[in-house]
Amino acid sequence: MSIQGLLEEALARFEGRPTTVHGAGRTDAGVHAHGQVASARLSGGHDTEQLLRGLNTSLPLDVRVLQVDEAADDFHARFSARSKTYRYAIRNASTVSPFEYPFVWQVPERLDLAAMQAAAAILIGTHDFACFRSTGQEAKRGTTRTITRSAFLDPGSLTPDPGSRTPDPGSLLVYEVAATGFLRRMVRAIAGTLVEVGRGERSSDSVAALLDGGSRADAGATAPAQGLFLVSVKYD
């Protein structure tokens with residue numbers, strides 16, 4: 001069952017009736033979320049602390065509600081969002097800890113981080129990102145989006161894998177991207193393209209050509225779901 005379905009099931013126990021939950025964004029199977037936001041219209045008399053405790057009692061242990069707040073009547077987790085931030089984790093090593101494997105994309109070939117960083121910077125700004133959307137997807141709001149941040153985080157600032165006997169934060173590459181909105185699988189397509197740049201299969205400058213009328217077939221392969229994390233959603 002989806003996270004949305006689990007939340008709706010748990011809330012229905014409070015409400016005594018079916019309840020619809022709206023998420024800030026859709027996540028494919030295997031994608032993770034540190035900062036997902038969901039909204040629902042409730043009629044019961046439970047306060048926020050009761051809801052928080054009750055929901056976490058009802059939900060499976062791998063799904064946790066961290067905070068419950070009252071919102072304005074017109075608030076919608078998805079349509080009220082002003083920006084979202086995602087991170088994509090790549091373990092650039094020949095081996096990866098089994099404790100970390102479900103949360104990274106293992107790429108054993110040596111990657112040129114400087115080239116990937118240069119390519120990532122080209123994505124900043126307002127562009128047509130049609131080349132990075134899922135094949136066959138129809139975007140009701142068009143394919144133009146504004147990216148405000150696109151960069152690889154400083155490896156020295158990352159926490160090493162606690163399950164590894166020889167932690168090496170330098171081999172963990174974390175790409176962070178923030179935008180006013182994203183097309184379906186857009187971040188995974190970008191991550192796959194940046195890895196091709198890192199492998200030397202395409203130049204950093206080729207990313208600019210992709211934004212200038214490139215098709216999905218021209219960009220890189222879609223990166224695996226397990227490396228992607230929704231980090232935060234911002235509202236006014």
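One is the number of the first residue; the rest follow in order along the sequence.
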| task | Check whether any side-chain N or O of Q226 sits under 3.5 Å from a backbone N or O of F103 as a donor-acceptor pair, and report yes or no. | result | no
| query | What ring pair (Phe, Tyr, Trp, His ring centres under 6.0 Å) pairs are there with at least one residue in residues 196-229, not counting sequence neighbours? | reply | H32-F229, H34-F229
| query | Is a side-chain donor or acceptor of Q106 paired with a backbone partner of S94 at a separation under 3.5 angstrom? | reply | yes
| For T180, all residues meeting side chain to side chain contact (heavy atoms under 4.5 Å, CB included), sequence neighbours excluded | T146
| request: Could you pull out all residues at least two apart from Y101 that satisfy ring-ring contact (aromatic ring centres under 6.0 Å, His included)? | output: none
| query | Would you call L228 and W105 a side-chain contact if the rule is heavy atoms closer than 4.5 Å? | reply | no
| query | What residues, two or more places apart in sequence or in another chain, satisfy ring-ring contact (aromatic ring centres under 6.0 Å, His included) together with Y88? | reply | none
| message | Rounded to the nearest 0.5 Å, what separates atom CD in E9 from atom CD in Q4? | response | 12.5 Å
Anything under 3.5 Å between a donor and an acceptor, one on a side chain of residues 70-77, the other on a protein residue two or more places apart or in another chain? List them.
unit_1	atom_1	unit_2	atom_2	d
H76	ND1	R78	N	3.1
H76	ND1	F79	N	3.2

| query | Heavy atoms, side chains only, cut-off 4.5 Å: are S43 and R17 in contact? | reply | yes
| query | Any side-chain heavy atom of F129 within less than 4.5 Å of one from L211? | reply | yes
| Heavy-atom pair with the smallest gap, counting every atom of R133 and R216 | O-CD, 2.9 Å
| query | To the nearest 0.5 Å, what is the distance between CD1 (I124) and CZ (R149)? | reply | 8.0 Å
| request: Begin with the C-alpha distance, continue with both residues' side-chain angles, and end with the deciding distance and a verdict on side-chain contact (heavy atoms from CB on, under 4.5 Å) for L123 and V207. | output: CA-CA 8 Å; L123 298 169; V207 173; 3.6 Å; yes
| message | For the CG atom on D212, are there more than 12 heavy atoms of other groups (residues, nucleotides or ligands in this structure) within a distance under 6.0 Å? | response | no
| request: Taking the side chain as every heavy atom from C-beta outward, state whether D112 and V197 have any atom pair closer than 4.5 Å. | output: no
| request: Please report the C-alpha distance between I147 and H127 in whole Å, then the side-chain angles of each, then the deciding distance to 0.1 Å, and finally whether the side-chain contact (heavy atoms from CB on, under 4.5 Å) criterion is met. | output: CA-CA 8 Å; I147 286 183; H127 306 285; 6.0 Å; no
| query | What pair of heavy atoms forms the shortest contact from V63 to L59, and how long is it? | reply | O-CB, 3.7 Å
| Quick one: does R202's side chain have a donor or acceptor within less than 3.5 Å of a partner on R199's backbone? | no
| task | Taking N92 for its side chain and E109 for its backbone only, find out whether a donor-acceptor pair lies under 3.5 Å. | result | yes
| query | So do the side chains of P60 and L6 get within less than 4.5 Å of each other, counting heavy atoms only? | reply | yes
| field | Heavy-atom pair of closest approach, residues C131 and L210 | value | SG-O, 3.4 Å
| field | R41 atom CZ, over 12 foreign heavy atoms within 6.0 Å | value | no
| field | L173 reachable from V231 in the ILVMFWY side-chain graph, under 4.5 Å edges | value | no
| Below 4.5 Å, heavy atoms only, C-beta onward: do M186 and V177 meet side chain to side chain? | no
| query | Between T85 and A178, is there a donor-acceptor pair closer than 3.5 Å when you use the side chain of the first and the backbone of the second? | reply | no
| task | Give the minimum heavy-atom separation between V96 and V104, together with the two atoms involved. | result | CG2-CG2, 3.9 Å
| request: Go through the structure and list residues passing side chain to side chain contact (heavy atoms under 4.5 Å, CB included) with A81, not counting sequence neighbours. | output: K84, V233, Y235
| So, does E8 use its side chain to make a donor-acceptor pair with the main chain of V21 at under 3.5 Å? | yes
| L111 CG to S171 OG distance, which is reported to the nearest 0.5 Å | 10.5 Å
| said: So for atom CZ, which belongs to R64, do other residues, nucleotides or ligands contribute more than 12 heavy atoms lying within a distance under 6.0 Å? | reply: yes
| field | Spatial distance of atom OG (S150) from atom CD (Q117) [nearest 0.5 Å] | value | 8.0 Å
| query | Hey, are the side chains of L7 and Q36 touching, using non-hydrogen atoms and a 4.5 Å cut-off? | reply | no
| request: Kindly give the heavy-atom pair with the smallest separation between T19 and E15, and that separation in Å. | output: OG1-CG, 3.5 Å
| If we only count heavy atoms from C-beta on, is the L42 to L51 side-chain gap below 4.5 Å? | yes
| request: Nearest 0.5 Å please: distance from the CG atom of L66 over to the CG atom of L55. | output: 11.5 Å
| request: Measure the spacing between CD1 of I190 and CZ of F182 and express it to the nearest 0.5 Å. | output: 7.0 Å
| remark: Taking every heavy atom of M116 against every heavy atom of L194, the minimum-distance pair comes out as CG-O, 3.3 Å
